[in-house]
Amino acid sequence: MPYTHNTIVKLQKSSPAQTEFYQAVEEVLDSLGPVLDEESRFCQHAIIERMVEPERQIMFRVAWVDDQGKVQVNKGYRVEFNSALGPYKGGIRFHPSVNASIMKFLGFEQVLKNALTGLPLGGGKGGANFDPKGKSNGEIMRFCQAFINELYRHIGPRTDVPAGDIGVGTREIGYMFGQYKKLTNNFDGVFTGKDLLWGGSLARKEATGYGCVYFAEHMLEGNKDTLEGKECLVSGSGNVAIHTIEKLLALGAKPVSCTDSQGTIYQKSGIDISCLKQIKEVENGRLSDYAKRQSDAKYISRDNYPEDGHAVWRLQGQVAFPCATQNELTAADARALLDNGCIAVCEGANMPCTSDAADVLLKAKIAYAPGKAANAGGVATSQLEMAQNASMQRWTFDEVDQKLKDIMRGIYQRTRDTAIELDQPTNFILGANVAGFRRVADAMIQQGVV
Ligand code: NDP
Ligand code: 2IT
């Protein structure tokens with residue numbers, strides 16, 4: 001379609017060398033073809049051109065002093081992508097791979113994800129190319145403070161509300177919030193994912209993983225199936241992976257794998273969640289330590305991964321939950337999953353499948369949920385945290401979990417119903433993209449050219 005094609009060509013000129021950002025935009029624009037043909041108001045209002053350009057992008061120097069007294073410099077970002085539906089909302093990522101392309105792909109996905117939840121949330125993302133691995137607690141604190149010394153002026157409970165993502169958990173949110181409060185003299189709900197002691201919500205920590213499993217349950221139920229007894233392949237071993245594994249175990253499924261950036265664990269008898277939590281959450285250790293403590297667990301080091309993909313997706317399993325990072329599942333991995341009898345893929349991470357892998361899964365017509373639908377439970381529960389902060393209330397774990405379940409059912413139904421309406425009932429990428437897009441686009445039209 002010339003309109004969407006021209007948009008990509010223009011984007012490549014105005015924002016050069018942003019591969020991951022183009023990947024995210026192309027997937028969405030591919031979905032929008034039929035909608036743009038039939039609903040001409042979107043073209044008349046140049047909605048596509050406006051949606052692919054962030055409303056504001058902040059890039060800044062983060063200078064801090066390490067334990068040796070040496071000055072270190074990193075690059076910080078906050079991409080305030082779209083505020084048509086509410087304040088900018090999205091996580092902060094600390095990882096050495098962070099750059100403008102990664103920030104923009106994540107921010108763009110976040111806008112549509114947040115729209116799909118049905119909640120009043122705009123979309124944004126931030127982070128820094130800072131590597132938390134091997135840093136002392138003091139270094140982490142000083143980095144977070146230096147990061148907020150610039151960012152504090154751009155965020156606020158009604159403007160932009162950051163949360164965690166890769167490399168940013170409750171500890172980092174604590175240090176960032178502390179510095180924000182010091183600089184502004186305001187104790188307000190400007191971050192989500194806060195500790196329970198000072199304004200956090202019960203079940204926020206668990207929400208992304210639990211929500212992802214709730215989504216998978218709905219998908220399987222749609223095919224008159226359940227998760228019970230299914231061997232599940234999970235990647236990652238951070239916040240999202242751990243709580244995906246925890247909820248799978250609670251529902252009688254058998255998660256048999258997890259990964260970190262150095263290797264893969266395969267345990268046919270099922271992952272031992274308390275051992276995994278002890279190593280990752282308490283000791284800040286590596287999965288190689290897990291293998292040493294679990295006699296029937298096999299550790300596959302990254303050096304032994306297949307050349308065209310990842311060891312975890314070559315294992316036997318019926319449902320796959322990629323919960324680590326972008327582009328961690330290749331087309332060859334997707335074919336291997338299908339050959340091994342995989343019936344469903346549910347994305348806990350953001351854009352974990354390469355475009356080719358997504359094509360393979362869509363052609364196979366298995367149950368396949370994109371991250372912007374399946375992992376939206378995290379941000380949705382962030383909104384529940386904002387609601388509790390604003391009303392000075394505290395809901396129980398079960399109340400929040402019940403609301404999360406209701407929200408995930410709503411996201412599933414919106415995604416499925418839109419896919420059915422567009423005559424491609426198994427294409428949940430199409431369903432999620434179009435359902436999210438329509439909500440943002442109509443809000444933008446109603447708010448005029450701004
Ligand atoms: P964590 O930092 O808690 O965990 C990340 C996990 O992924 C770790 O096991 C890490 O291994 C692994 N990982 C990260 N980068 C790479 C890489 N380049 N190659 C291989 N493994 C890697 O992050 P989260 O669990 O919070 O986030 C995981 C994914 O879920 C991300 O895509 C994030 O954007 C997405 N997400 C997170 C939400 C949240 O609420 N936290 C909400 C929605 C989506 P190692 O420790 O070795 O680096
Ligand atoms: O990708 C995501 O949705 C997140 N990292 C969570 C964002 C949030 O604001 O809770």
Side-chain angles (χ1 to χ4, degrees), residues 20 86-98 102-103 105-114 116-117 119 121-127 131-134 160-173 189-194 200-201 203-212 234-245 258-265 276 279-281 284-288 290 302 305 310-312 321-329 347-353 370-386:
E20 293 84 3
Y88 308 108
K89 181 83 196 85
I92 301 262
R93 177 177 290 193
F94 292 162
H95 193 269
S97 63
V98 162
I102 304 265
M103 290 289 98
F105 116 65
L106 288 164
F108 182 73
E109 290 274 296
Q110 196 81 46
V111 172
L112 295 163
K113 180 197 303 189
N114 294 1
L116 198 55
T117 63
L119 299 167
L121 296 170
K125 200 85 189 187
D131 189 355
K133 282 204 191 80
D160 185 350
V161 185
D165 194 81
I166 291 178
V168 176
T170 316
R171 175 182 58 165
E172 291 73 19
I173 295 288
V190 69
F191 288 92
T192 59
K194 299 184 289 296
S201 172
R204 171 61 188 92
K205 183 161 62 100
E206 292 81 1
T208 311
Y210 281 19
C212 186
V234 179
S235 68
S237 50
N239 174 279
V240 180
I242 286 175
H243 296 105
T244 296
I245 290 172
C258 55
T259 70
D260 62 19
S261 54
Q262 286 154 356
T264 293
I265 290 287
L276 181 63
I279 289 171
K280 298 299 293 193
E281 293 184 343
N284 218 349
R286 310 301 304 161
L287 286 183
S288 45
Y290 180 94
R302 202 181 174 113
Y305 281 13
H310 305 84
V312 63
F321 292 89
C323 296
T325 192
Q326 63 277 353
N327 292 327
E328 57 161 318
L329 198 162
E347 296 184 347
N350 286 307
M351 206 169 76
C353 291
K372 62 171 78 71
N375 74 34
V379 73
T381 307
S382 279
Q383 197 273 346
L384 301 178
E385 183 172 330
M386 291 161 74

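None of these values were measured; they are calculated from a predicted model. Each ligand, and each atom within it, is numbered from 1 in the order the structure gives.
Residue contact check for ligand 2: G164 places a non-hydrogen atom closer than 4.0 Å to it. Residue K133 places a heavy atom less than 4.0 Å from ligand 1. The shortest separation from a heavy atom of R93 to ligand 2 is not under 4.0 Å, leaving the residue out of contact.
Residue contact check: H95 has heavy atoms under 4.0 Å from atoms 15 (N) of ligand 1. The ligand atoms of ligand 1 that sit less than 4.0 angstrom from a heavy atom of A349 are 29 (C), 30 (O), 32 (O), 35 (C). Residue-ligand proximity, G90 to ligand 2, at heavy-atom distances under 4.0 Å covers atoms 7 (C), 9 (O). Near T259, meaning under 4.0 Å from one of its heavy atoms, ligand 1 places the atoms 9 (O). Residue R93 approaches ligand 1 through these ligand atoms, each under 4.0 Å from one of its heavy atoms: 31 (C), 32 (O), 33 (C), 34 (O). Of all atoms in ligand 2, listed by their number and element, those nearer than 4.0 Å to a heavy atom of S382 are 8 (C), 9 (O), 10 (O).
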Should K372 and Q110 be marked as a side chain to side chain contact (heavy atoms under 4.5 Å, CB included) after you check the CA-CA gap, both sets of side-chain angles, and the distance that decides it? CA-CA 7 Å; K372 62 171 78 71; Q110 196 81 46; over 6 Å; no
request  = Quick one: do S261 and K133 satisfy side chain to side chain contact (heavy atoms under 4.5 Å, CB included)? Show the steps, please.
outcome  = CA-CA 11 Å; S261 54; K133 282 204 191 80; 3.8 Å; yes
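Ranking the protein heavy atoms by distance from atom 13 (N) of ligand 1 puts A324 CB, 4.2 Å first. With respect to atom 3 (O) of ligand 2, the closest heavy atom belonging to the protein is K113 NZ, 2.7 Å. Nearest protein heavy-atom contact of atom 4 (C) of ligand 2 is K125 NZ, 3.8 Å. Of all protein heavy atoms, the one closest to atom 7 (C) of ligand 2 is G91 N, 3.6 Å. The nearest protein atom to atom 9 (O) of ligand 2, hydrogens excluded, is given as K89 NZ, 2.7 Å; this is a heavy-atom distance. When only non-hydrogen protein atoms are considered, atom 35 (C) of ligand 1 lies nearest to N350 ND2, 3.7 Å. The nearest heavy-atom contact from the protein to atom 37 (C) of ligand 1 is V240 CG2, 3.5 Å.
Within the 4.0 Å heavy-atom criterion, neither part of E109 lies near ligand 2. When heavy-atom distances to ligand 1 are checked against a 4.0 Å cut-off, A376 has no atom that comes that close, whether in backbone or side chain. Counting heavy atoms closer than 4.0 Å to ligand 2, residue R204 contributes side-chain atoms (C-beta onward) but none from N, CA, C or O. Counting heavy atoms under 4.0 Å from ligand 2, residue N350 touches it through the side chain alone.
At least one donor-acceptor pair under 3.5 Å links the side chain of K89 to the backbone N or O of V161. The backbone N or O of S97 lies less than 3.5 Å from a partner atom in the side chain of H95, making a donor-acceptor pair. Checking side-chain atoms of N239 against main-chain N and O of K205 turns up a donor-acceptor pair under 3.5 Å. The backbone N or O of L287 lies less than 3.5 Å from a partner atom in the side chain of D260, making a donor-acceptor pair. Using modelled atom types, no side-chain atom of E347 and backbone atom of N375 make a donor-acceptor pair closer than 3.5 Å.
Put simply, the side chain of C212 does not reach to within 4.5 Å of the side chain of V240, judged on heavy atoms. You'll find the side chain of H243 stays beyond 4.5 Å of the side chain of T208, heavy atoms only. The closest side-chain heavy-atom distance from R204 to T170 is not below 4.5 Å. Put simply, the side chain of D165 reaches to within 4.5 Å of the side chain of N350, judged on heavy atoms. In this structure the side chain of I173 reaches within 4.5 angstrom of the side chain of V168, judged on heavy atoms. Side-chain contact check for L329 versus H310: every heavy-atom pair is 4.5 Å or farther apart. The closest side-chain heavy-atom distance from I92 to E172 is not below 4.5 Å.
Checked by distance only, ligand 2 and A163 stay at 3.5 Å or farther apart across all their nitrogen or oxygen atoms. By the 3.5 Å distance cut-off applied to N or O atoms, S237 is counted among the residues near ligand 1. Looking at Q110 next to ligand 2, an N or O pair under 3.5 Å apart turns up. Note: an N/O pair closer than 3.5 Å links R204 and ligand 1 by distance alone.
Nearest heavy-atom pair, N327 versus C353, reported as atom, atom and distance to 0.1 Å: OD1-O, 3.7 Å. Closest heavy-atom contact between V379 and T117: CG1-CG2, 4.3 Å.
Of the candidates R286, H243, Q110, Q262, R286 brings a heavy atom nearest to atom 47 (O) of ligand 1. Of the candidates T325, D165, I166, it is T325 that places a heavy atom closest to atom 22 (C) of ligand 1. Nearest to atom 26 (O) of ligand 1 by heavy-atom distance, out of N239, T208, T192, is N239. The heavy atom nearest to atom 45 (P) of ligand 1, considering only G377, G348, S261, C323, is found in S261. For atom 2 (O) of ligand 1, the candidate residues are A374, G167, G238, G285; the nearest heavy-atom contact is made by G167.
There is a protein heavy atom less than 4.0 angstrom from atom 33 (C) of ligand 1.
Using modelled atom types, one finds a donor on one side chain and an acceptor on the other under 3.5 Å when comparing E328 with S235.
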